[in-house]
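See structure below.
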Amino acid sequence: MAPRSSFILEPTLLQASQGHHSRLLSGGGCISRAALSSPASSLGSAGDLSWASPSPDQHEEMQEPLCHEIPPIGRGKHAIHLWQFLKELLLQPHAYHGCIRWLDRSRGIFKIEDSARVAKLWGQRKNRPAMNYDKLSRSIRQYYKKGIIKKTENSKRLVYQFQPQYR
DNA sequence: AAGGAGGACGCAC
DNA sequence: GTGCGTCCTCCTT
């Protein structure tokens with residue numbers, strides 16, 4: 001029923017297809033362009049590293065209006081990845097206060113404060129009602145080998161760290 | 001109990 | 001093949 005295709009945000013498309021840093025059309029969603037830094041893809045293409053530079057907190061001038069809209073679905077090619085979703089939440093501390101937050105923003109260290117809620121949000125985004133933290137964390141663990149997210153040195157509970165290229 | 005590490009299998013791209 | 005989602009065993013906090 002819902003005209004999904006006209007409302008969906010395609011962040012992965014933006015970074016996967018060209019890698020150009022065009023502003024996301026903030027029509028139905030409110031993901032800022034900084035929400036999705038291209039991973040290793042930007043290593044090959046020069047010129048679009050302006051905002052994905054290795055520098056920690058360059059600037060954070062994008063406190064865009066909160067969006068609690070939950071895109072209908074997201075599987076397959078056009079699906080947002082878990083690590084992108086987590087960054088999305090982290091970039092909106094007001095909207096997800098008490099849910100997830102940066103512990104050390106410059107090092108990409110964050111803490112999931114309400115595991116159940118984060119899992120529920122992820123489940124909503126992916127249209128997976130049965131999502132829980134047990135399963136979400138399994139996916140995070142898959143990121144270890146891929147070099148996207150890792151556990152911190154002291155391995156604190158519910159604390160993870162984005163690898164530099166994914167910050 | 002809740003969280004964490006991985007193996008194994010299945011499924012939609 | 002990828003990126004999970006699901007289920008499971010065992011271990012740690």
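Labels below follow one simple rule: chain letters A, B, ... track the order of the sequence lines, proteins then strands, and each chain is numbered from 1. In what follows, every heavy atom counts, from backbone to side chain, and hydrogens, waters and symmetry copies are set aside.
- Proximity of A:Lys135 to the phosphate of C:dG5: no side-chain N or O atom is located under 4.0 Å from OP1 or OP2.
- Of the residues near DNA chain B, A:Tyr160 and A:Arg138, the one whose nearest nucleotide (by heavy atom distance) lies more toward the 5' end is A:Tyr160.
- Closest to the side chain of A:Tyr144, from the set B:dA5, B:dG3, C:dG3, is B:dA5.
- Here the nucleotide nearest the side chain of A:Arg141, chosen from C:dG5, B:dA5, C:dT12, is B:dA5.
- Distances shorter than 4.0 Å separate some side-chain N or O of A:Tyr143 from OP1 or OP2 on C:dC4.
- Side-chain N/O atoms of A:Ser139 include one lying less than 4.0 angstrom from OP1 or OP2 on C:dG5.
- Of the candidates B:dA5, C:dG5, B:dG3, the closest approach to any side-chain atom of A:Lys151 belongs to B:dA5.
- In this model, the phosphate group of C:dC4 is not approached by any side-chain N or O of A:Trp122 to a distance below 4.0 Å at OP1 or OP2.
- A:Trp102 and A:Phe110 have perpendicular rings, their planes meeting at more than 60° on a 0 to 90° scale where under 30° would count as parallel.
- Straight-line distance from the CG atom of A:Leu136 to the P atom of C:dG5: 8 Å, rounded to whole Å.
- Between A:Tyr160 and A:Tyr144, the two ring planes are tilted [angle within 30° to 60°].
- For B:dA2, neither phosphate oxygen OP1 nor OP2 lies less than 4.0 angstrom from any side-chain nitrogen or oxygen of A:Ser115.
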